[in-house]
Every structure is written in structure tokens, then in C-alpha cells.
Amino acid sequence: VQLQASGGGLVQAGGSLRISCAASGRTFNRYAMGWFRQAPGKEREFVAAIGWSVPSTYYADSVKGRFTISRDVAKNTAYLQMNGLKPEDTAVYYCAARNNIVAGTTTGAYDYWGQGTQVTVSS
């Protein structure tokens, strides 16, 4: 599976952004998907995940109520809608796929990774 993340950019605090992750290479609809982020000098951290059986979604406490993960199986694409963005959300966001229908919340749970897309939130 190859993953291509896109849609990052610069946004003001309080604004919204939607990032996408397009999958190719193999059947996408039996994979759980996740989003992680990594800020400079920090470890990569879990943001959100979605299993094959929607609505099995999971969120980090720091983004719960502001971010929404979704997927479009027909388009082989996962999305992360980010609302109420804060400067501390600034990071490179990575999408990941897991060869399992159940979502995971750790980096080790995922088998495939995209290249990342930069999200910068100005104060």
C-alpha cells in the first residue's frame, strides 16, 4: 500500500483545515487508518484512527471534539477534518495504514506510512 498525504498549509488559530490521505497499490477497504503528527523536537504522536467498521473511531484527548477522521472507501481516501486549530497543533501530519480491520493508536500498530504534510497554525 502506498499512501499520499496532502492538504496541509498555513492557517490562523481558530481556523479549519482538511487533510487527505490517498491509498493505492492494494485493496484499501480492509485496512484501518490512522493519523499521527510530529512537531519539531518531539516524538510522533497519535491523533486519530478509524477502523474498517465505522463508526469505530478513536481520538487523542488533545484533539477530541475538534478533529474528525473519516474515510471514503470508493475513493481509497481517508480524511482528517481539523476545526478550532491551535498553535500547538502545528506539526507534520502523517497518515498510516494497518493490515487489520481494527484501528490502533500506536505507531507500532501500523504497517504503511505516507510522507507527511505540514500543518502550521499561526497565533
Euclidean distance, T117 OG1 relative to R37 CZ, rounded to 0.5 Å: 14.0 Å
Side chain proximity check, N99 to Y110, heavy atoms < 4.5 angstrom: no
Non-hydrogen side-chain atoms of V119 and T90 separated by less than 4.5 Å: no
Student check: side-chain heavy atoms of W35 and I69 closer than 4.5 Å: yes
Between N83 and S16, a side-chain donor and acceptor under 3.5 Å: yes
From Q118 atom CD to I19 atom CD1, the distance as rounded to the nearest 0.5 Å: 10.5 Å
NZ or CZ of R18 within 45° of Y79 ring axis and under 6.0 Å: yes
Over all atoms of both residues, closest heavy-atom pair of A32 and A103: CB-CA, 3.6 Å
Least distance between heavy atoms, V1 atom then A23 atom: CG1-CB, 4.2 Å
S24 side, atom OG; L3 side, atom CG - distance, nearest 0.5 Å: 7.5 Å
Ion pair check, K86 and D89, cut-off under 4.0 Å: no
pair T120-V11: side-chain heavy atoms closer than 4.5 Å: no
Path from M82 to F46 over hydrophobic side-chain contacts below 4.5 Å: no
Spatial distance of atom SG (C21) from atom CD (Q4) [nearest 0.5 Å]: 8.5 Å
L80 to A48 - nearest heavy-atom pair and separation: CD1-CB, 4.0 Å
Check: A5 main-chain N/O paired with Q115 side-chain donor or acceptor under 3.5 Å: yes
Validation row: T68, Y59 side chains within 4.5 angstrom (heavy atoms): yes
W113 ring center near F36 ring center (under 6.0 Å): yes
Ring-face cation of R44 near Y94 (centre distance under 6.0 Å, axis angle within 45°): yes
Aromatic plane relationship, Y93 with F67 - under 30° parallel, 30 to 60° tilted, over 60° perpendicular: tilted
Closest non-hydrogen atom pair between A49 and G104, with its separation: CB-O, 3.5 Å
Between CZ on residue R71 and CD1 on residue I50, distance to nearest 0.5 Å: 6.0 Å
Donor-acceptor under 3.5 Å (T77 side chain, K75 main chain): yes
Gap separating the OH atom of Y112 from the CZ atom of R98, nearest 0.5 angstrom: 13.0 Å
With sequence neighbours excluded, residues passing side chain to side chain contact (heavy atoms under 4.5 Å, CB included) with S6: S20
